[in-house]
Protein chains: 2
Amino acid sequence: MAKSKDNKKSSSDSRVSKAVVNRLSLYLRELSRLERAGIETTSSTKLGQMLGFSDAQVRKDLANFGQFGYPGVGYRCSELIASIRQIMGTDQRWPVALVGVGNLGRALLGYRGFSHQGFNTVAAFDLDAKIVGTEIEGIPVFNLEEIDHIVEQKSIQLAILAVPATAAQEVAERLVAAGIRGILNFAAVTLKLPDHITVIGVDLAIEMEQLSFAMTSRMP
Amino acid sequence: MAKSKDNKKSSSDSRVSKAVVNRLSLYLRELSRLERAGIETTSSTKLGQMLGFSDAQVRKDLANFGQFGYPGVGYRCSELIASIRQIMGTDQRWPVALVGVGNLGRALLGYRGFSHQGFNTVAAFDLDAKIVGTEIEGIPVFNLEEIDHIVEQKSIQLAILAVPATAAQEVAERLVAAGIRGILNFAAVTLKLPDHITVIGVDLAIEMEQLSFAMTSRMP
DNA sequence: TAGATTGTTAATCGATTAACAATC
DNA sequence: TAGATTGTTAATCGATTAACAATC
């Protein structure tokens, strides 16, 4: 085990920035790749190089949560993976609701990448009578009216919101009323929700704009 | 027009952070909403409030690129929209290639949100003989072999990469060889590409992890 | 042992906020 | 005019990097 004094900082004391948590996910992704490749040990320098960060940054990020390495040796991939999973909360399974089974929602239902990381889409919701009651990719589609019931029954805390922008605020409020505490929002609107609700916004048009800005500013 | 001395900083002098450019996109999104609602004027305070930023931050971000407001009055929505579009490069149309017509790729082909912002998916690429030669959502699907040809013919600089993670690095290198300069990467890998290539990564599993971290750290 | 690498403290750098004269 | 709000400079805050003793 890593270090005898395993006084990891309690997970709730550290007010840690969004950027740190994002990098933690990237470390996890690289570490998993190394482990799959049969590599047992790595270092802050190597990990940083793979991702374009400094070695100091890697160590500092991890230091927010405890001591995970061995001076003179580095980090054991499998151990660090387990530690980061625990920090991120992905050492447990999270049942997820997907709301809005349109084009994008359907693709997300079929997306295999989530389950690896500990996320299980267990219920989908829509208003379209043609699909309510069916199963898509093995996941039952319910009428949105049933959200309170199902969220409670399946102890769901997380939702993926893939409804049209015009409906997003209203649907989000229903999710919160149903007991959802975290939302991955694909709608191109800023949701106004109570402070205790976590919202991560993914706006694909905005990501494309970052590209066009880069093309435009670094003119060749 | 805004200010008589329109000495906007030249778009290439300002080395501006990723965070600033992202907020610019958010300002643009809110301004468009206001304009659609028939509101003609706003202020840094109001704009900030809508998005959870300080008024000073809004003004500082804009100050990177010029002077767009009227002291005592605020900003004219339509003018500021036009200015930000110009800064972002979305005052012009960008032809885009979509590579990898699987589950997610197909959804992205059907996604209407891009074209509003000035992006036009004009060609899709895949290896699957069953779909090569067909049109999906009105967009022709080509064999990946044809990428060089088509990219040149259609003057494409931007690509959306939606292939399996295992293929992403190899396919990305082909895109670069074909002349692509910016990639929106949905594959869960860090691409190793020349410095002059801009890559924006969107990893949905990582976004979900941000949620589970929030659930786990702010335990109720 | 010599070489490598951690965790951590101090120094630097950059980003955000506060404050205010200028302006409408 | 009085009130509102900009653009900008200076002050503060936070994040990144450098440096190094401790450790294997």
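Every chain is numbered from 1, with letters handed out A, B, ... down the list of sequences.
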A.B. asks: Rounded to the nearest Å, what distance is computed from the CZ atom of residue A:F68 to the C1' atom of nucleotide C:dT6?
C.D. replies: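 Result: 13 Å.
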
A.B. asks: Per the salt bridge (charged side-chain N to carboxylate O under 4.0 Å, His left out) rule, what does the pair list look like for residues 34-44 of chain B, sequence neighbours excluded?
C.D. replies: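 Checked against salt bridge (charged side-chain N to carboxylate O under 4.0 Å, His left out) - neighbours excluded - no pair reaches residues 34-44 of chain B.
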
A.B. asks: What is the distance from CD of B:Q57 to P of C:dT16, rounded to the nearest Å?
C.D. replies: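 Distance check: B:Q57 CD to C:dT16 P gives 5 Å.
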
A.B. asks: Could you list the donor-acceptor pairs under 3.5 angstrom formed between side-chain atoms of residues 200-212 of chain A and any protein atom two or more places apart in sequence or on another chain?
C.D. replies:
{"from": "A:D203", "atom 1": "OD1", "to": "A:A205", "atom 2": "N", "distance (Å)": "3.0"}
{"from": "A:D203", "atom 1": "OD1", "to": "A:I206", "atom 2": "N", "distance (Å)": "3.2"}
{"from": "A:D203", "atom 1": "OD2", "to": "B:R29", "atom 2": "NH1", "distance (Å)": "2.9"}
{"from": "A:E209", "atom 1": "OE1", "to": "B:S25", "atom 2": "OG", "distance (Å)": "2.5"}
{"from": "A:Q210", "atom 1": "OE1", "to": "B:N22", "atom 2": "N", "distance (Å)": "3.4"}
{"from": "A:Q210", "atom 1": "NE2", "to": "A:I206", "atom 2": "O", "distance (Å)": "3.2"}
{"from": "A:Q210", "atom 1": "NE2", "to": "B:S25", "atom 2": "OG", "distance (Å)": "3.2"}
{"from": "A:S212", "atom 1": "OG", "to": "A:E209", "atom 2": "O", "distance (Å)": "3.3"}
{"from": "A:S212", "atom 1": "OG", "to": "B:M88", "atom 2": "O", "distance (Å)": "2.6"}

A.B. asks: Which whole-number value in Å describes the distance from B:R15 CZ to C:dC13 P?
C.D. replies: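 Going from CZ in B:R15 over to P in C:dC13 covers 19 Å.
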
A.B. asks: Given Watson-Crick or G-U pairs with both distances under 3.5 Å, what dot-bracket string fits DNA chain C, with | for other-strand pairs and [ ] for crossing?
C.D. replies: ..||||||||||||||||||||||

A.B. asks: Please report, rounded to the nearest Å, how far the P atom of D:dA4 is from the CG atom of B:D55.
C.D. replies: 14 Å

A.B. asks: To the nearest angstrom, how far is A:K18 atom NZ from C:dT16 atom P?
C.D. replies: 14 Å

A.B. asks: Out of D:dG7, C:dA15, C:dT5, which has the shortest distance to the side chain of B:Q67?
C.D. replies: D:dG7

A.B. asks: Does A:Y75 have any side chain to side chain donor-acceptor pair (under 3.5 Å) partners at least two apart in sequence or in another chain, and if so, which?
C.D. replies: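 Scan of A:Y75 (side chain to side chain donor-acceptor pair (under 3.5 Å), adjacent residues dropped) gives none.
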
A.B. asks: If you compare every side-chain N and O of B:Y75 against the phosphate oxygens of D:dA4 (OP1, OP2), does one of them come in below 4.0 Å?
C.D. replies: no

A.B. asks: Would you kindly compare A:D61 and B:L62 by the position of their nearest DNA chain D nucleotide and give the one closer to the 5′ end?
C.D. replies: B:L62

A.B. asks: Any side-chain hydrogen bond (donor to acceptor under 3.5 Å, both in side chains) involving residues 158-171 of chain B? Give me the pairs, sequence neighbours left out, ordered by first then second residue.
C.D. replies: B:Q169-B:E173

A.B. asks: If I take atom CG in residue A:N64 and atom C1' in nucleotide C:dG7, what distance separates them, rounded to the nearest angstrom?
C.D. replies: 12 Å

A.B. asks: A:V20 or A:V73: which one's nearest nucleotide on DNA chain D is closer to the 5' end?
C.D. replies: A:V20

A.B. asks: Give me the residues of residues 22-48 of chain B where at least one heavy atom lies under 4.0 Å from an atom of DNA chain D, by number, or none.
C.D. replies: B:S43, B:S44

A.B. asks: Rounded to the Å, how far apart are B:F65 CZ and D:dT8 P?
C.D. replies: 14 Å

A.B. asks: What pairs with A:F53 under ring pair (Phe, Tyr, Trp, His ring centres under 6.0 Å), at least two apart in sequence or on another chain?
C.D. replies: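 Checked A:F53 against ring pair (Phe, Tyr, Trp, His ring centres under 6.0 Å); zero matches.
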
A.B. asks: To the nearest angstrom, how far is B:R76 atom CZ from C:dC24 atom P?
C.D. replies: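 Distance, rounded to whole Å: 12 Å.
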
A.B. asks: With the side chain of A:S17 defined as its heavy atoms from C-beta on, choose the nearest nucleotide among D:dA15, C:dT8, C:dT5.
C.D. replies: D:dA15

A.B. asks: Return the set of residues passing salt bridge (Lys or Arg N to Asp or Glu O under 4.0 Å) with A:R85 (not counting sequence neighbours), or none when no residue passes.
C.D. replies: none

A.B. asks: For a 4.5 angstrom cut-off between non-hydrogen side-chain atoms, does B:L161 reach B:L191?
C.D. replies: yes

A.B. asks: Within 45° of the six-membered ring axis of B:F119 and under 6.0 Å from that ring's centre, is NZ or CZ of B:R93 located there?
C.D. replies: no

A.B. asks: Verify the neighbour count for atom CD of B:E152: are there more than 12 heavy atoms of other residues, nucleotides or ligands below 6.0 Å?
C.D. replies: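 Count not over threshold, so no.
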
A.B. asks: Name all residues meeting the salt bridge (Lys or Arg N to Asp or Glu O under 4.0 Å) criterion together with B:R174; count only those two or more places apart in sequence or in a different chain, and write none if there are none.
C.D. replies: B:E145

A.B. asks: Provide a list of protein-nucleic acid N or O atom pairs under 3.5 angstrom, restricted to nucleotides 18-20 of chain C.
C.D. replies:
{"from": "C:dA19", "atom 1": "N6", "to": "B:R59", "atom 2": "NH2", "distance (Å)": "3.3"}

A.B. asks: Tell me, please, which residues at least two apart from A:R33 pass salt bridge (Lys or Arg N to Asp or Glu O under 4.0 Å).
C.D. replies: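 Here the qualifying residues are A:E30.
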
A.B. asks: What residues, two or more places apart in sequence or in another chain, satisfy side chain to side chain donor-acceptor pair (under 3.5 Å) together with A:D61?
C.D. replies: A:R23, A:Y27

